[in-house]
2 protein chains.
Amino acid sequence: MISSVQKISRILNCFTKDEPALGNLQIAEKLNMNASTVHHLVRTLCSEGILIQDSQKKYRLGWKLLEWSNHVMYQQDINTEALPLCEGLVRRFNTTVHIGMLDSGEVRFVLRVASSNSVPVPTFIGDTKPAYCTSTGKVLLSFNPSMIKPTISRGLLRRAPNTITCVEKLKDELSSIRANGYAISNNENELGLYGIAAPIKSYTGQTIAALNMVGPVSYMLGQDTPYMIHHVVKTAESISKELGYISVL
Amino acid sequence: MISSVQKISRILNCFTKDEPALGNLQIAEKLNMNASTVHHLVRTLCSEGILIQDSQKKYRLGWKLLEWSNHVMYQQDINTEALPLCEGLVRRFNTTVHIGMLDSGEVRFVLRVASSNSVPVPTFIGDTKPAYCTSTGKVLLSFNPSMIKPTISRGLLRRAPNTITCVEKLKDELSSIRANGYAISNNENELGLYGIAAPIKSYTGQTIAALNMVGPVSYMLGQDTPYMIHHVVKTAESISKELGYISVL
DNA sequence: TGGTGTAATTTCATAATATGAAATCTCTTA
DNA sequence: TAAGAGATTTCATATTATGAAATTACACCA
């Protein structure tokens, strides 16, 4: 049994950066659904502003999604408080900056800031990545120890040359991250990427999110890395100070 | 007959800035729907990431909406190209800046930039306002003459002391806006607000959106208004140059 | 510890809505 | 202007959503 919610979700998922506009038949084919069924759904989605139909009769994601996304709680706070600080980092280092949160034992990216100068990095808002082999995830785990066991129990698969696949080594790594106040990931999740992450804390002291800056290994190591780390940590601290409290995820 | 799309849309619309978290019964009451019906929908919405359930069992808008909103076509381009320029305006003048597009004869705001220093202005992304009595709308109308007639035919209601309610006067106003390259709205739509708007054009020369800067009348007239206008126009031109082409709405 | 109240969640027979094959419309291209 | 491709509509039927009532979960308090 497939519910209407799932059908709608699938339809909206058809639209991507590479295919921002789709015709009725294109959607129906992609989803292996009947064209008239899709048509009914798509028409109603249009009438709600969730899709719009452009001049070539292709459908596109609509303004209603913008409206809703602006009410997503953490997004509100992040836009007001964290965005300008993240943009500062991007400008200073020509990198890509993310904010990630733990979601069911994985890292979910809720903010991404890059510019046309940023060294390109393939990440997307809403994506998840494993927690044990990303700088963001390791920060979140080290400051949320209750999540360590469930993460480990799913297994530590090798994903890149330096992935930590030994439970004991991971625990040691998380301890030193907790001690240092930041995490590094160098070729641990994706070949060629180097990330720095630091905790963002609420007023209760709980680490609710992590600030992350990524770039190609060669680029990042060609910079003054300690200086970068210092700025990531300081920025995360500023965000923590400003954010106050977020209760979600 | 009420479709599943509408039901879902209504549920998501329940979540606002003021009520970012709602329980099952709260939603059911608001919508006058059966609690178990709402529950079924809400559960599936959670499993798709469209809602999330927080630690107090309240539901909130979820990360999936962020993901989709990032694929909304104009949002992509606007975030990359226009956002930094808008932020520059906000910083320089301590105002609130919008980008609006024509949508079925009304102005739909697709971007809003403000800061904690901005003089507060009550506007929201996704909102619509009448075209004939807002600076943004007047710019869009004056550069898209085919929309003038349908707008007028809905009537020109007085909404504030200076609303233009005479068709001839509006046509004159639109001509001079076309000649000047910018529009002013002073107490025309909302009491106490003063707006400046300038056209954003695609490479075809078509005006596809308008840049708008608003503030309280007293604040705006206390500044160097011509200087502000100059900057709004210049910024809109820069965005036009960068944006290239947007085909939606 | 147990009792009470509130809200979330589940169940399942029934009511209501979604489905899809085929017909029709609407462009675009030759 | 004819042919083709895709969008759109129709309507009898299949499928899914609905909601009253039962159950569970949990917080608060004596």
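Convention: sequence-line order gives letters A, B, ...; per-chain numbering from 1.
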[X] and [Y]: side chain donor to acceptor below 3.5 Å:
| X | Y | answer |
| --- | --- | --- |
| A:Arg112 | A:Thr96 | no |
| B:Asn13 | A:Lys64 | yes |
| B:Thr16 | B:Asp18 | no |
| B:Arg60 | B:Gln53 | no |
| A:His98 | A:Thr123 | yes |
| B:Thr134 | B:Asn189 | no |

Anything under 3.5 Å between a protein N or O and an N or O of nucleotides 3-11 of chain D, put it in a table, one pair a line.
{"residue": "D:dA7", "atom": "OP1", "partner": "A:Asn24", "partner atom": "N", "Å": "3.1"}
{"residue": "D:dA7", "atom": "OP2", "partner": "A:Leu25", "partner atom": "N", "Å": "2.9"}
{"residue": "D:dT8", "atom": "OP1", "partner": "A:Gln53", "partner atom": "NE2", "Å": "3.3"}
{"residue": "D:dT8", "atom": "OP2", "partner": "A:His39", "partner atom": "NE2", "Å": "3.1"}
{"residue": "D:dT8", "atom": "OP2", "partner": "A:Tyr59", "partner atom": "OH", "Å": "2.5"}
{"residue": "D:dT8", "atom": "O5'", "partner": "A:His39", "partner atom": "NE2", "Å": "3.1"}

In this structure, how many angstroms lie between the [atom2] atom of [N] and the [atom1] atom of [X], rounded?
| X | N | atom1 | atom2 | value |
| --- | --- | --- | --- | --- |
| A:Lys7 | D:dT15 | NZ | C1' | 8 Å |
| B:Leu41 | D:dT16 | CG | P | 15 Å |
| A:Gln6 | C:dT19 | CD | C1' | 17 Å |
| A:Ile2 | D:dA14 | CD1 | C1' | 15 Å |

Keeping B:Ser240 on the side-chain end and B:Lys201 on the backbone end, is there a donor-acceptor pair under 3.5 Å?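 Indeed, once roles are kept as given, a pair shorter than 3.5 Å links the two residues.
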For B:Arg178, look at atom CZ and say whether over 12 heavy atoms of other residues, nucleotides or ligands are found less than 6.0 Å away.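 Yes.
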Are A:Thr37 and C:dA18 close enough that a side-chain N or O sits under 4.0 Å from OP1 or OP2?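 Checking C:dA18 against A:Thr37, no side-chain N or O comes under 4.0 Å of OP1 or OP2.
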Please write out each protein N/O paired with an N/O of nucleotides 28-30 of chain C under 3.5 Å, distance rounded to 0.1 Å.
none

